[in-house]
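Heads up, the thing below is written out as structure tokens.
All values reported here derive from a predicted model rather than from experimental measurement.
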Amino acid sequence: MLFGSKKDVFFEKLLLVARNVEKSAKYLVDLKIDNISDLKEIATEMKSYESEGDTYIHELIVDLNKTFITPIEREDILQLAMKMDDVLDGMEQCMAYYEMFSITEHDEYIQKFVSYIYSSTLEITKALELLSNKKLLEMRKHAIEIKDLESKCDELLRVSIKHLFAKQKDPIIIMQYKEIYEMLEKVTDSCQDVANTIETIIMRNA
């Protein structure tokens, strides 16, 4: 159980991870690709977000290894950090594929996926702010919203691929965009994994 009113170092570190994930998603939302030469810079920028997240998680693991008593199960702290890292890794990998495929067009489906991902990261941050303030039961509504967004992305994936095969004739472009759509949908699956971990923490500690 959670005791005391003092801010906990583990919860604060998890919140740093969450805010970094949110920042990287915001970067994708605001993305403007004018030409192919922009893609390398974009991939590099996303890699920097990923590296920042890795640093926070490394520091968290070091702290866990030095601490005998943790505010919640250490496995739950680590699981939550790693699941958030999966979200960031997925976005970084997607931008690496942008560069590899030389994709410069953010079509309407990619825009919707990215918007849903960003909304999910906002909910993750809100939930982690509540965890930092030890308000576990209030986290549940954000976990539910993340799962709702993931369901919307499941449907969006079906619609986007159907439209792709109906409108596009070039098999290479079909392959490339299908890959991107599926990677973006997988990011929302990772967001749902975060939500599931949040619900586990609530169940065990609230």
Side-chain angles (χ1 to χ4, degrees), residues 14-57 80-81 83-130 139 141-161 163-164 173 176-195 198:
L14 287 169
L15 184 54
L16 285 176
V17 175
R19 285 174 174 159
N20 185 55
V21 172
E22 180 192 323
K23 277 193 304 181
S24 60
K26 183 67 164 62
Y27 178 73
L28 292 190
V29 167
D30 294 339
L31 206 57
K32 297 289 186 291
I33 306 173
D34 295 321
N35 50 60
I36 289 174
S37 63
D38 292 337
L39 295 174
K40 184 169 182 59
E41 180 183 343
I42 290 164
T44 301
E45 183 69 16
M46 284 302 298
K47 187 68 180 174
S48 72
Y49 284 119
E50 194 228 0
S51 297
E52 185 176 347
D54 287 344
T55 298
Y56 291 142
I57 289 172
L80 187 51
K83 293 303 181 183
M84 287 192 288
D85 191 52
D86 288 344
V87 176
L88 187 47
D89 285 346
M91 289 188 286
E92 188 270 327
Q93 184 184 26
C94 191
M95 289 301 99
Y97 271 66
Y98 259 59
E99 184 186 9
M100 185 169 69
F101 292 157
S102 297
I103 288 178
T104 57
E105 183 187 353
H106 239 37
D107 71 17
E108 63 177 298
Y109 299 107
I110 291 174
Q111 288 174 2
K112 285 182 181 177
F113 274 119
V114 170
S115 176
Y116 286 143
I117 290 168
Y118 178 54
S119 294
S120 296
T121 66
L122 288 173
E123 296 299 324
I124 290 170
T125 298
K126 289 173 187 175
L128 270 289
E129 286 170 347
L130 290 167
M139 296 167 66
K141 63 185 177 185
H142 301 295
I144 291 169
E145 181 62 26
I146 293 165
K147 290 184 174 187
D148 183 55
L149 288 162
E150 191 278 332
S151 294
K152 290 177 179 177
C153 285
D154 283 343
E155 176 62 23
L156 181 59
L157 181 62
R158 289 188 286 270
V159 171
S160 62
I161 292 176
H163 180 268
L164 183 64
I173 293 177
Q176 291 174 338
Y177 273 83
K178 182 173 180 290
E179 184 83 15
I180 294 295
Y181 295 156
E182 289 173 344
M183 290 176 77
L184 290 168
E185 194 279 329
K186 190 175 178 183
V187 173
T188 67
D189 289 342
S190 295
C191 291
Q192 180 171 256
D193 289 341
V194 175
I198 287 169

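Of all non-hydrogen atoms in Cys191 and Val87, the two that sit nearest each other are N-CG2, 3.7 Å. The minimum heavy-atom distance linking Leu88 with Glu50 is given by the pair CD2-CA, 3.7 Å. Closest of all the heavy-atom pairs between Ala25 and Val114 is O-CG1, 4.4 Å. In terms of heavy atoms, Met139 sits closest to Ala127 at CG-O, 3.5 Å. Here the closest non-hydrogen pair linking Ile36 and Ser102 is CD1-CB, 4.1 Å. For the pair Glu105 and Ile110, the tightest heavy-atom approach, listed with the atom from each and the gap, is O-CD1, 4.1 Å.
Annotation: Lys186, atom NZ; neighbour count of heavy atoms from other residues, nucleotides and ligands within 6.0 Å does not exceed 12.
For Asp30, the salt bridge (charged side-chain N to carboxylate O under 4.0 Å, His left out) test picks out Lys26, with sequence neighbours left out. Applying the salt bridge (charged side-chain N to carboxylate O under 4.0 Å, His left out) criterion to Asp148, with sequence neighbours excluded, gives Lys152.
Of the N and O atoms on the side chains of Thr125 and Glu22, at least one donor lies less than 3.5 Å from an acceptor on the other residue.
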Q: Any chance you could lay out the side chain to side chain contact (heavy atoms under 4.5 Å, CB included) test for Glu150 and Glu185, step after step, and finish with the verdict?
A: CA-CA 8 Å; Glu150 191 278 332; Glu185 194 279 329; 3.4 Å; yes
Salt bridge (charged side-chain N to carboxylate O under 4.0 Å, His left out) for Glu145 and Lys126? Distances and angles first, verdict last.
CA-CA 11 Å; Glu145 181 62 26; Lys126 289 173 187 175; over 6 Å; no
- Task: Check the pair Tyr181 / Asp107 against side chain to side chain contact (heavy atoms under 4.5 Å, CB included), numbers first and verdict last.
- Result: CA-CA 10 Å; Tyr181 295 156; Asp107 71 17; 2.4 Å; yes
CA sep, side-chain torsions, deciding dist, call: Thr188, Ile146, side chain to side chain contact (heavy atoms under 4.5 Å, CB included):
CA-CA 8 Å; Thr188 67; Ile146 293 165; over 6 Å; no
Quiz item: So His163 and Tyr177, ring pair (Phe, Tyr, Trp, His ring centres under 6.0 Å) or not? Walk me through it.
Solution: CA-CA 11 Å; His163 180 268; Tyr177 273 83; over 10 Å; no
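For the side chain to side chain contact (heavy atoms under 4.5 Å, CB included) criterion with Ser24, the lone passing option out of Glu52, Met91, Arg19 is Met91.
At a threshold of 4.5 Å between non-hydrogen side-chain atoms, the residues Glu99 and Ile42 do not count as touching. Residues Leu157 and Glu182 have side chains in contact (heavy-atom distance under 4.5 Å, counting atoms from C-beta outward). Counting heavy atoms from C-beta outward, Ile57 and Met84 have side chains that stay 4.5 Å or more apart. Counting only heavy atoms from C-beta outward, the side chains of Leu31 and Ile33 approach each other to under 4.5 Å. Residues Leu28 and Met46 are in side-chain contact: their nearest non-hydrogen atoms beyond the backbone lie under 4.5 Å apart. Annotation: side chain of Val187 is not in contact with side chain of Cys94 (no heavy-atom distance under 4.5 Å). Within the 4.5 Å cutoff, the side chain of Ser48 has heavy atoms near those of the Glu45 side chain.
For Gln111 (side chain) and His106 (main-chain N/O), a donor-acceptor pair under 3.5 Å exists by modelled atom type. The main-chain N or O of Lys147 is found under 3.5 Å from a side-chain atom of Ser151 such that the two form a donor-acceptor pair. Checked by atom type and distance alone, the side chain of Asp38 pairs as donor or acceptor with a backbone atom of Asp34 at under 3.5 Å.
We find the OG1-CG distance between Thr104 and Leu39 to be 7.0 Å, quoted to the nearest 0.5 Å. Rounded to the nearest 0.5 angstrom, Leu149 CG and Ile117 CD1 are separated by 10.5 Å. The CG atom of Asp189 sits 11.5 Å away from the CG atom of Leu184 when rounded to the nearest 0.5 Å. To the nearest 0.5 Å, atoms CD (Gln176) and CE (Met100) are separated by 8.5 Å. Interatomic distance, Asn20 CG to Asp85 CG, rounded to the nearest 0.5 Å: 9.5 Å. One distance of note links CD1 of Ile161 with CG of Leu156; it measures 9.5 Å at 0.5 Å rounding.
Salt bridge annotation for Lys112-Glu155: absent, with no cationic side-chain nitrogen under 4.0 angstrom from a carboxylate oxygen.
Within the structure, ring-ring contact (aromatic ring centres under 6.0 Å, His included) contacts touching residues 23-47 (residues at least two apart or in different chains) are Tyr27-Tyr49.
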